[in-house]
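This report concerns only the one structure given below.
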Amino acid sequence: MYDFKKIESKWQQYWEENNVFKAYNNSHKPKYYVLIEFPYPSGIGLHIGHPRSYTALDSIARKRRMEGYNVLFPMGWDAFGLPAENYAIKNHVHPKDAVKENVKIFKNQCQRLGISFDWDREFSTTDPEYYKWTQWQFLKFYEYGLAYKAKKAINWCTSCKVGLSNEDVEHGRCERCGGEVVQKEKDQWLLKMSAYADKLIDGLDDTDFIERVKTAQVNWIGKSEGTEIDFKVADSDEILKVYTTRPDTIYGATFMVISPEHPIIEVLKDKLKNYADIKTYQMAASKKSEFERVELSKEKTGVKLDGVYAVNPVNDSKIEVWTSDYVMMGYGTGAIMAVPAHDERDYEFATKFDIPIIPVIQKITGNKATNESFKKSIVALVYNPKTDKYLTLDWKDKGGRLLIGGTIHDNEDPIDCARREIVEETNYVDLKYIRSTFPINHHYYAFNKDKYFEIEAVGIYFELLSDKKEDGHLDDDEVNCFDVEWVSKEVVEKHIKDELHKTVFEDLTNPKAYTGEGKMINSDILNGIDNKEEAIDKILNYIESKNIGKRMTNYRLQDWVFSRQRFWGEPIPMIYCDKCGWVPVPEKDLPVLLPDIAQYEPTDNGESPLANMPEWFTVECPKCGAKARRETDTMPNWAGSSWYWLRYMDPHNDKEFASQEALKYWGMVDWYNGGMEHATRHLLYARFWHRFLYDIGLVPTPEPFSKRTAHGMILGEDGSKISKSKGNGIDPIDIVEEYGADALRTYEMFIGDYELDTAWSMNGLKGCNDF
RNA sequence: GCCAGUGUGGUGGAAUUGGUAGACGCGCCAGACUCAAAAUCUGGUGAUGGCAACAUCAUGUCGGUUCAAGUCCGACCACUGGCACCA
């Protein structure tokens, strides 16, 4: 039997002593850069998932070496952040000592797995020699106006007591601890990532990322092309700007909604008759956590701005202005024109607060023909609540089962028409009107008249109050042609085949906004157009010619909130001087080191622990020499990982973050692997950061990563997620002890679809061991 | 709800431009070796029917194109991931 322990330790020692996996910076060979996301070195050591991606990319690295490439396959540590800080608080050690211990464990485990990393290039983001350059790059952002400090309502985790970026919030809760997130006004450093939205979308064309990663990025950036339109506030000089993607529906705007935080509320204070009510609503909205506010399927709430009207710029009609928390200040202009007929949210709101609804788009059913005759019709639905049945006419071979239809006479009210038709065809008279549909544009061919028709039809809903009947007068050609029958909902849905009647039934039993395309009505210059693009184009030209609005692109992506009220992160290298304002730390004074002895506990007042250390933050202003104060917030833990692949190219350089020769030689990372959980956060930050360095001429390529893959998770034997609390973890080093690294690595490659989560199986491991 | 990806034996997965579906590995079954087991070696292994030769059916479902479809087209279903009161 072969002694894997002896063999593995012999060769691992040989590899280490002879630097077998070293990558060379001045090589004539073609380069190949393989990268795995560097881990956060926790105290527990590697988990069973790590060897999966490490082995996969190790195989790629090995293949490329055999093919004659100069392969760079480096490893390092992403060690700033909360876990080390919490560990330090608990055990009263400096986080940097905790990191040192954990790195030792991780490195040893990687070596025992036999991964072919080039250890000469190892570093940690917490090394001052490294974070000096993170700080240096931050100063570049500042120099180019992309880092700015602003008082802004940001996401605040009440449990971590720390500000969060948008990317750190998941379903309205803190991504790390699941705690409540509220909006809190704070002075924050931000990086202007929003300015890079288009570049981050377009740059994806230069990459070979797997599709789901690309989509995740595109969705996150959330580009939306629309229009900004000015609505005047009646009897004032104020203007409310709205953002909409459907300017074609503007004639149907029957009210406006502004976000509770909208500044115009203060401006219009004197006009408002219910200012106090609005204030109350505002307070309630601000106290709601992000989770509550974002929660779906909740009833709409809102308050009318009593005394204030806006003017629809296309038809000068005066419309009400409301405030509601379904409109967000952070997107678009914080105000919308509400078109209840054609937007589900506006419809819900209008229905609840009894605001008029004007349809401007007719749904089109049937098939259009040339030479159509036009008429107006009704389709009536009668419901008997006592029997839970609907009234239908069975026309047999002359049209099958239908609701009650009829043509509107000159100057006849549609509801009267419906009542008349019901009496004529069924004799029922004791009816209560409930509701109507929006008009529908229907096209059909009438066999009996050999004619094509275009009709404008309205569906009308009645409830039967009693069985009382009166004789109606039927047209001669209708006598004895149909049977009147009460049928169940199921029968209606199954047996009514006519498209118009089907549509009417659906719209009447489940009334909602119509968000599709159709024929424009009630819309002045747009009337008759039945193509959305054409309608949008026409109204846009009109709006622009009247100078009341312009085309506008909006993004979901926001600026990166870059301040954290924490100890264990890169200090932001800025100094505040009463006279000079914010002054960057001069390059020669970098890095700004973290103090060696400190309190790490976060404070309740939302300040960093560093704010309790005057001996650290008190400095001279680099500009005027007066007494000044360092920024005490630190960078988010995503900062250090936003450029680390560049440092691997030239890790010992103390003059630059990496030399231009090294950057040019290594170029893009050829193959980058990491978890799906980083598809929007780390990957977005990293691409943004890199693109900025490219724009200012510091790196040679616009995109950092060529190919990006994402591995699935390894689950416990029962298919459930591995977690500390369940105790179903598997220690890779235990497996290495018993079966050897080869068996473990082979099994992890055969365990299942690389992209998908897969359950661990001891049996499968044995199979690979036999193989 | 919107966007994207994926569906082939018990299992991981093969199948170049449409051309013998299931290569190869694991597992399983049988045999050899052994007192016995493990390891190792040999053979078998999609399903159904048949003693057999063989036949029929099978690539998520239903249809279509074609001499020929896992592969191309259309509709749908399931699962996974992302986004979501985004105007």
Side-chain angles (χ1 to χ4, degrees), chain A residues 1-2 166-167 169-172 204 209-229 241-247 249-250 252-253 255-260 285 288 290-302 324-340 342-349 352 512-513 515-516 552-558 675-681 683-684 709-713 715 743 746-759 761-771:
Chain A
M1 191 186 157
Y2 98 113
N166 253 24
E167 286 76 16
V169 181
E170 241 172 28
H171 310 295
L204 289 171
F209 293 2
I210 51 173
E211 217 41 53
R212 59 192 178 121
V213 171
K214 278 194 189 184
T215 340
Q217 295 248 319
V218 171
N219 285 350
W220 188 269
I221 296 165
K223 183 173 183 166
S224 140
E225 307 205 36
T227 315
E228 218 174 72
I229 304 173
K241 273 185 192 305
V242 304
Y243 175 74
T244 178
T245 53
R246 294 297 303 273
T249 63
I250 190 167
F255 61 106
M256 291 183 78
V257 185
I258 64 175
S259 147
K288 273 187 197 171
E290 194 68 0
F291 182 74
E292 286 170 316
R293 200 166 152 171
V294 153
E295 206 179 5
L296 289 176
S297 72
K298 122 198 132 166
E299 278 251 326
K300 294 266 180 295
T301 58
S324 170
D325 64 2
Y326 81 91
V327 174
M328 312 283 157
M329 199 57 223
Y331 185 80
T333 59
I336 61 162
M337 64 175 206
V339 184
H342 305 290
D343 181 282
E344 283 166 31
R345 294 148 301 174
D346 298 345
Y347 181 86
E348 210 185 308
F349 195 85
K352 175 157 177 186
K512 56 173 188 251
T515 56
M552 183 78 180
T553 306
N554 261 310
Y555 302 92
R556 206 188 84 92
L557 184 74
Q558 306 207 351
M676 199 56 206
E677 70 277 18
H678 293 138
T680 44
R681 292 126 62 72
L683 213 50
L684 208 62
T709 49
H711 55 265
M713 256 189 312
L715 308 170
T746 306
Y747 175 54
E748 295 224 356
M749 290 302 89
F750 279 80
I751 193 168
D753 188 327
Y754 183 70
E755 302 252 301
L756 300 180
D757 296 353
T758 321
S761 147
M762 236 26 208
N763 224 26
L765 173 73
K766 284 184 188 124
C768 286
N769 188 53
D770 291 354
F771 166 67

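Because only heavy atoms are used, hydrogens play no part in the values below, and waters and symmetry mates are left out as well, while side chains stay in. Letters A, B, ... mirror the listed sequences (proteins, then strands); counts begin at 1.
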5'-most contact on RNA chain B (nearest-nucleotide basis), A/Arg212 vs A/Gly752, goes to A/Arg212
Checklist entry - Say you pick atom P in B/A87 and the same atom in B/G64; how far apart are they, in whole Å? => result 41 Å
Value for CE (A/Met713) from CG (A/Asp757), rounded to nearest 0.5 Å, stands at 4.0 Å
Here the distance between atom P of B/C86 and atom CH2 of A/Trp220, to the nearest Å, is 15 Å
When rounded to the nearest 0.5 Å, the distance separating CG of A/Leu756 from OG1 of A/Thr758 is 6.5 Å
Per atom distances to the A/Tyr243 side chain, the nearest of B/A87, B/G81, B/G82 is B/A87
Using the C1' atom as the point on both nucleotides, what is the distance between B/C77 and B/G63, in whole Å?
14 Å
Here the distance between atom C1' of B/C83 and atom NZ of A/Lys223, to the nearest Å, is 18 Å
#### Entry: Beyond-backbone contact of A/Ile210 with A/Glu755, side-chain heavy atoms, under 4.5 angstrom
yes
Note to self: Under 3.5 Å, is there a donor on one side chain and an acceptor on the other for A/Tyr243 and A/Ser224?
What the structure shows: yes
Which of B/C85, B/G5, B/G81 is nearest the side chain of A/Lys300? It is B/C85
Original post:
When the C1' atoms of B/C33 and B/C41 are considered, how many whole Å apart are they?
Top reply: 8 Å
Rounded to whole Å, the CZ-P distance (A/Arg556 to B/C3) equals 17 Å
To the nearest angstrom, the CD-P distance between A/Glu748 and B/G13 comes to 14 Å
Check your understanding: Between B/C85 and B/C73, how far is it from one C1' atom to the other, in whole Å?
Key -> 38 Å
Side-chain contact check for A/Asp753: nearest option of B/G13, B/G81, B/C85 is B/G13
Q: Output yes when A/Lys512 and A/Glu344 qualify as a salt bridge under the 4.0 Å nitrogen-oxygen rule, no when they do not.
A: no
Q. Within the distance-only criterion (no hydrogens, no angle test), does the side chain of A/Arg556 pair as donor or acceptor with the backbone N or O of A/Ile221 below 3.5 angstrom?
A. no
Distance col, row A/Thr746:OG1 vs A/Leu765:CG, nearest 0.5 angstrom, shows 9.5 Å
Pairing string of RNA chain B (Watson-Crick or G-U wobble, both atom distances under 3.5 Å; | = paired to other strand) is (((((((..(((......[....)))((((((.......))))))((((....))))..(((((..]....))))))))))))....
ask   = How far does the C1' atom of B/C62 sit from the matching atom of B/G7, given to the nearest Å?
value = 16 Å
Picking from B/A4, B/G81, B/G82, the nucleotide nearest the side-chain atoms of A/Met676 would be B/G81
Please enumerate all protein N or O atoms sitting under 3.5 Å from an N or O of nucleotides 24-33 of chain B, with distances to 0.1 Å.
| residue | atom | partner | partner atom | Å |
| --- | --- | --- | --- | --- |
| B/G27 | OP1 | A/Asp770 | OD2 | 3.4 |

Of A/Asn219 and A/Thr758, the one whose closest nucleotide on RNA chain B sits nearer the 5' end is A/Thr758
Shortest non-hydrogen pair, A/Lys223 vs A/Glu225, comes out as CE-OE2, 4.0 Å
Whole-Å distance, A/Ile221 CD1 to B/A84 P, equals 13 Å
Item checked: Same-atom distance (C1') from B/U80 to B/A30, integer angstrom -> 40 Å
From CG of A/Leu204 across to P of B/G82 the rounded distance in Å is 17 Å
| task | Sticking with atom P, work out how far B/G60 lies from B/G9, rounded to a whole angstrom. | result | 8 Å
Glycosidic torsion of B/G7 (syn if within 90° of 0, anti otherwise) classifies it as anti
Winner on side-chain proximity to A/Ala216, out of B/G82, B/A87, B/A4, is B/G82
Atom CD of A/Glu228 and atom P of B/A87 are separated, to the nearest Å, by 14 Å
CG (A/Asn554) and OG1 (A/Thr244) are apart, to the nearest 0.5 Å, by 11.0 Å
Counting C-beta onward and ignoring hydrogens, is there a side-chain heavy-atom pair between A/Met337 and A/Val339 closer than 4.5 Å? yes
Out of B/C3, B/C85, B/C86, minimum distance to the side chain of A/Tyr331 belongs to B/C86
Discussion item. Determine whether the aromatic ring centres of residues A/Tyr555 and A/Tyr331 are separated by less than 6.0 angstrom.
Written reply: no
Nearest-Å distance once atom P is located in both B/C86 and B/G13: 38 Å
When rounded to whole Å, the CG to P distance for the pair A/Leu756 and B/G81 reads 9 Å
Open item on the list: Just to be sure I understand the rule, does A/Val218 reach a base, reach only the sugar-phosphate, or reach nothing, if contact means heavy atoms closer than 4.0 Å?
Closed with: nothing
